[in-house]
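Everything on this sheet refers to the single structure shown next.
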Amino acid sequence: IDGVYDVGDTFTNSLPPTLQPLLSSPSKLDEILSNLISTARAPTGVRWGIEQGLWTFNVNTPTELLEAGKKMTIKGLGDKIKCPVWVGEAEEDIFFKGQPERVKEELGEKATLARLTAEDGAGNHRHVGAGALMNQVVFDWFGGVIERV
């Protein structure tokens with residue numbers, strides 16, 4: 001729904017600056033993050049992000065999660081994608097800000113970048129709160145793709 005260029009960049013960049021140097025010390029980073037999410041001190045969003053990521057990627061440690069995210073990129077794959085692609089951009093996306101434009105750049109003319117805004121009620125990640133609008137925009141785009149075939 002949102003154009004995601006590089007999940008690994010997002011995961012790594014979401015680490016606070018104080019933890020960035022620990023990327024070269026996986027066991028220490030795992031220890032700190034695992035201890036953090038096991039306490040009440042962890043902000044809910046941080047705890048959810050790590051726990052959801054571990055579950056979603058079926059990995060056991062935060063550094064395994066970071067490594068799994070590195071595999072999820074379209075960098076250098078634009079020439080392998082042959083079909084038209086709808087790329088959504090949520091104006092206020094807190095996770096993948098700027099990545100839809102990178103997807104569009106990678107795919108070139110094959111991509112249609114559609115910006116949905118807060119004014120539309122669709123500015124949040126995945127356009128939460130505006131599913132009907134987002135679906136209508138996608139189906140209108142798809143109808144145009146089918147007409148050209």
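When reading the values below, keep in mind they use all heavy atoms of this one structure, side chains included, and skip hydrogens, waters and symmetry mates.
Closest heavy-atom contact between Pro100 and Val87: O-CG1, 3.8 Å. Across all non-hydrogen atoms, the minimal contact from Pro17 to Pro21 is O-CD, 3.3 Å.
Sorted by first and then second residue, the salt bridge (Lys or Arg N to Asp or Glu O under 4.0 Å) pairs with a member in residues 43-56 form an empty list; sequence neighbours excluded. Among pairs with a residue in residues 12-28, none fulfils side chain to side chain donor-acceptor pair (under 3.5 Å), at least two apart in sequence or across chains.
Scored by the salt bridge (charged side-chain N to carboxylate O under 4.0 Å, His left out) test, Glu89 finds Arg115 as partners (sequence neighbours excluded). Applying the side chain to side chain contact (heavy atoms under 4.5 Å, CB included) criterion to Ala90, with sequence neighbours excluded, gives Asp2, Asp93, His127. Phe142 is linked by a side chain to side chain contact (heavy atoms under 4.5 Å, CB included) to Ile146, counting only residues two or more places apart in sequence or in another chain. For Asn135, there are no side-chain hydrogen bond (donor to acceptor under 3.5 Å, both in side chains) partners, not counting sequence neighbours. Applying the side-chain hydrogen bond (donor to acceptor under 3.5 Å, both in side chains) criterion to Asn35, with sequence neighbours excluded, gives no partner residue. Residues satisfying the salt bridge (charged side-chain N to carboxylate O under 4.0 Å, His left out) test with Asp6, not counting sequence neighbours, are none. Applying the side-chain hydrogen bond (donor to acceptor under 3.5 Å, both in side chains) rule to Glu92 yields no partners; only residues at least two apart in sequence or on another chain are considered. The salt bridge (charged side-chain N to carboxylate O under 4.0 Å, His left out) check on Glu67 picks up Lys70, with sequence neighbours excluded.
Between the side chain of Glu64 and the backbone N or O of Asn60, at least one donor-acceptor pair lies under 3.5 Å. Proximity of a side-chain donor or acceptor of Gln99 to a complementary backbone N or O of Gly3 within less than 3.5 Å is not detected. A donor-acceptor contact shorter than 3.5 Å is absent between the side chain of Asp140 and the backbone of Val137.
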Open item on the list: Before you tell me yes or no, could you show the steps for Glu91 and Leu116 under side chain to side chain contact (heavy atoms under 4.5 Å, CB included), namely the whole-Å CA-CA distance, both residues' side-chain angles and the distance that decides it to 0.1 Å?
Closed with: CA-CA 6 Å; Glu91 178 181 44; Leu116 300 179; over 6 Å; no
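For Asp79, the CG atom counts as densely surrounded, since its 6.0 Å shell holds more than 12 non-hydrogen atoms of other residues, nucleotides or ligands.
None of Ile1, Val128, Asp120 except one satisfies the side chain to side chain contact (heavy atoms under 4.5 Å, CB included) rule with Met134; the exception is Ile1.
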Let me have the donor-acceptor pairs involving side chains of residues 105-112, under 3.5 Å, with sequence neighbours excluded, atom names and distances please.
unit_1 : atom_1 : unit_2 : atom_2 : d
Glu106 : OE1    : Tyr5   : OH     : 3.4
Glu106 : OE2    : Gly76  : N      : 3.0
Glu106 : OE2    : Leu77  : N      : 3.1
Glu106 : OE2    : Gly78  : N      : 3.0
Lys110 : NZ     : Gly78  : O      : 2.4
Lys110 : NZ     : Ile81  : O      : 2.9
Thr112 : OG1    : Trp141 : NE1    : 3.1

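Cluster partners of Leu23, using a side-chain heavy-atom cutoff of under 4.5 Å among ILVMFWY residues and allowing indirect links, are Val4, Val7, Phe11, Leu15, Leu19, Leu22, Leu29, Ile32, Leu33, Leu36, Ile37, Val46, Ile50, Leu54, Phe57, Val59, Leu65, Leu66, Met72, Ile94, Phe95, Phe96.
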